[in-house]
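To start, the structure under review is shown below, and the notes come after it.
Position 1 is the first residue of the sequence; numbering continues from there.
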Amino acid sequence: MIPSKLVQIFIVSSVIFPILSVIIRYLQHDLIIDSKNSFDSFMFNSDAIFYSLVSKDIILNKGKLFDWIFAAAPEFFPTMLLTYVISLIIDNYFYSQIIFIVMQLLIFDYLMYKVTLIFTDRIFSLLTIVIINTLIIFFFNLEPFNYLFVASHHIGSFLGVLLTLFIYYSNQIWKKHKILIIYVLVFILTFSNPLFIGHLVIPLLAASIILDILNKKIGSKSIYLLLVVAFAAYSLKKIFFFHDKDCTQCMSTYSNVDELTLSYNIMITSLYHIKEFYITHSNIFQNIFVLIFVLLPLLFLIDLFILKKNKTLMDYKSLHFFLFILFSFGTTHLPFLLTAPNINWRYMNNVYLLPFMIVPIFLYPYLKDKSNRLLSTSALLFLLSFILSVSALDSEKKLNNLYYPEDILFIDKTLEKYDLNHGISSWWYANRLVYLSKRTVSMIPCHNIKPLHWDTKSSWLLKPPEFIINLDPQKIGYSYSKLIENEKIKIYIIS
């Protein structure tokens with residue numbers, strides 16, 4: 001008999017070690033999750049800190065949520081909500097970032113475990129989480145896997161997909177309560193991110209319709225109302241969060257998902273972009289995940305309906321799940337054909353992250369009788385996790401309780417000396433400065449020669465700037481009276 005307690009200890013420890021490694025490396029300013037970016041450029045870029053910046057403004061400056069100009073997907077739930085709660089409890093912005101990262105990783109692990117558990121068993125699901133954590137934390141340092149380490153890039157919507165799938169397939173929730181909870185989730189998650197319609201709502205309905213046809217019956221009508229709920233949320237989001245198209249002084253890079261366009265030319269252009277994305281911009285490793293996403297559900301259906309080898313596959317939930325996966329591949333690409341955004345990894349987290357769940361669910365019927373190997377497998381994973389966690393640390397680097405880069409220190413001293421509080425900089429720099437500065441600073445994010453109508457505060461766009469950082473004043477229509485600079489920073493004081 002396998003000593004299950006020992007297996008569980010190995011597994012839990014194997015989950016904890018990598019996360020402890022993440023925390024320590026972050027406190028050492030040494031957490032490199034993207035091979036193309038430094039600690040600062042990944043952890044504190046304008047995307048990564050935006051929701052914490054909004055929370056900081058609301059809490060410290062008594063700012064208003066609706067004063068902020070959000071992107072096409074405002075990501076209120078769960079991303080904005082989680083960053084706000086953390087910022088409300090922790091006033092150290094440096095700590096709040098790592099707390100968010102750990103919370104997001106743990107939520108991701110828990111939801112992946114709960115959904116996988118529905119189709120497998122407890123130990124098998126836990127081993128899956130250990131493998132996922134080890135791969136993502138130590139090996140998969142590229143898009144979109146490293147998005148799990150930032151409060152952005154639609155990861156919150158993906159967590160919503162996992163949560164909705166768990167509730168839909170779970171037997172732990174009473175049926176009448178289940179559909180009501182799903183309605184609420186679909187409304188909130190669609191309002192927060194319209195991409196949720198293609199990632200979950202439409203493929204979930206399509207899978208249900210196909211099964212109803214196969215079973216020659218009409219399923220529960222309540223599930224078909226999901227589309228109505230989703231488009232109600234989609235319509236309300238357009239009312240509450242819209243972008244001013246007549247803002248002549250602004251440059252709007254708003255990826256408009258509020259308007260659906262049915263155009264042959266747009267579709268042909270979008271199909272070309274999709275082809276180029278997979279052939280030119282994605283590497284083999286990323287495309288393997290796409291292949292898994294499509295191939296394993298097809299193999300499941302072939303095994304079930306054509307070969308009919310594995311009778312254990314004849315399960316409503318498994319069939320519905322793999323049909324859902326197949327349909328979601330198509331519906332995930334719909335926004336690129338019908339709306340403004342071009343294809344990007346951030347819009348397709350489900351295609352790259354769900355394979356971590358698809359593989360174990362697909363393999364479980366073939367591996368579930370291999371229980372005699374659980375102890376050795378868990379022990380090996382424990383050892384691997386421990387070695388990787390320790391080897392990733394630099395014992396010579398000390399732990400820090402804040403992050404105050406030299407460029408921000410230089411800017412703060414200059415602004416204090418000349419009593420300046422409001423300026424202009426590039427989008428990638430502006431929000432970072434506001435977030436990391438120890439002064440109460442406001443910034444106009446600029447792209448090329450115009451202010452950017454994106455992830456900023458509307459009142460900041462209306463105030464006349466007092467200084468410009470690392471941009472040519474003449475190119476953006478200003479003259480300056482003084483220049484203060486060092487090796488990396490140029491601060492032009494506007495005359």
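- In this structure, Y492 has its ring center no closer than 6.0 Å to that of Y478.
- If you look at F285 and F140, their ring centroids are closer than 6.0 Å.
- No close placement of the Y51 and W68 rings is indicated, their centers lying 6.0 Å or farther apart.
- Of the residues Y352, F356, F329, the one that meets the ring-ring contact (aromatic ring centres under 6.0 Å, His included) test with F289 is F356.
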Practice task
Begin from the C-alpha positions of T120 and S125 and carry the test side chain to side chain donor-acceptor pair (under 3.5 Å) through to its verdict.
Solution key: CA-CA 7 Å; T120 64; S125 301; 2.7 Å; yes
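- No side-chain donor-acceptor contact under 3.5 Å links N401 and N92.
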Handout entry: Step-by-step ring-ring contact (aromatic ring centres under 6.0 Å, His included) determination, H273 to Y278
Key = CA-CA 9 Å; H273 287 155; Y278 287 120; over 10 Å; no
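- The backbone N or O of N421 lies less than 3.5 Å from a partner atom in the side chain of E466, making a donor-acceptor pair.
- Below 30°, between 30° and 60°, or above 60°: for F119 and F321 the angle between ring planes is between 30° and 60°, a tilted geometry.
- Cation-pi check for K56 over Y435 is met; the charged atom lies under 6.0 angstrom from the ring centroid and within 45 degrees of its normal.
- Using a 4.0 Å cut-off between charged side-chain N and carboxylate O, R432 and D407 make a salt bridge.
- K36 and E143 are joined by a salt bridge, as a carboxylate oxygen and a charged side-chain nitrogen come within less than 4.0 angstrom of each other.
- A side chain to side chain contact (heavy atoms under 4.5 Å, CB included) with L162 is found for one member of I167, N350, I107, L354 and no other, namely L354.
- Classified by interplanar angle (parallel below 30°, tilted 30° to 60°, perpendicular above 60°), the ring pair Y347/F336 is tilted.
- With hydrogens and angles left out, the side-chain atoms of N61 and T440 include no donor and acceptor closer than 3.5 Å.
- Taking OG of S21 as the reference point, atom CZ of F138 lies at 4.5 Å (rounded to 0.5 Å).
- Between F39 and Y403, the ring centre distance stays below 6.0 Å.
- Classified by interplanar angle (parallel below 30°, tilted 30° to 60°, perpendicular above 60°), the ring pair F94/Y26 is parallel.
- Between H154 and F196, the ring centre distance reaches or exceeds 6.0 Å.
- In this structure, N431 contributes its side chain and D47 its backbone to no donor-acceptor pair below 3.5 Å.
- Side-chain N/O atoms of S52 and S96 include no donor and acceptor closer than 3.5 Å.
- Classified by interplanar angle (parallel below 30°, tilted 30° to 60°, perpendicular above 60°), the ring pair F277/H281 is tilted.
- Taking the six-membered ring for Trp and the full ring otherwise, F17 and F382 have centroids separated by under 6.0 Å.
- Using modelled atom types, one side-chain atom of N400 and one backbone atom of L27 make a donor-acceptor pair closer than 3.5 Å.
- Between V22 and F149 the shortest side-chain heavy-atom distance falls below 4.5 Å.
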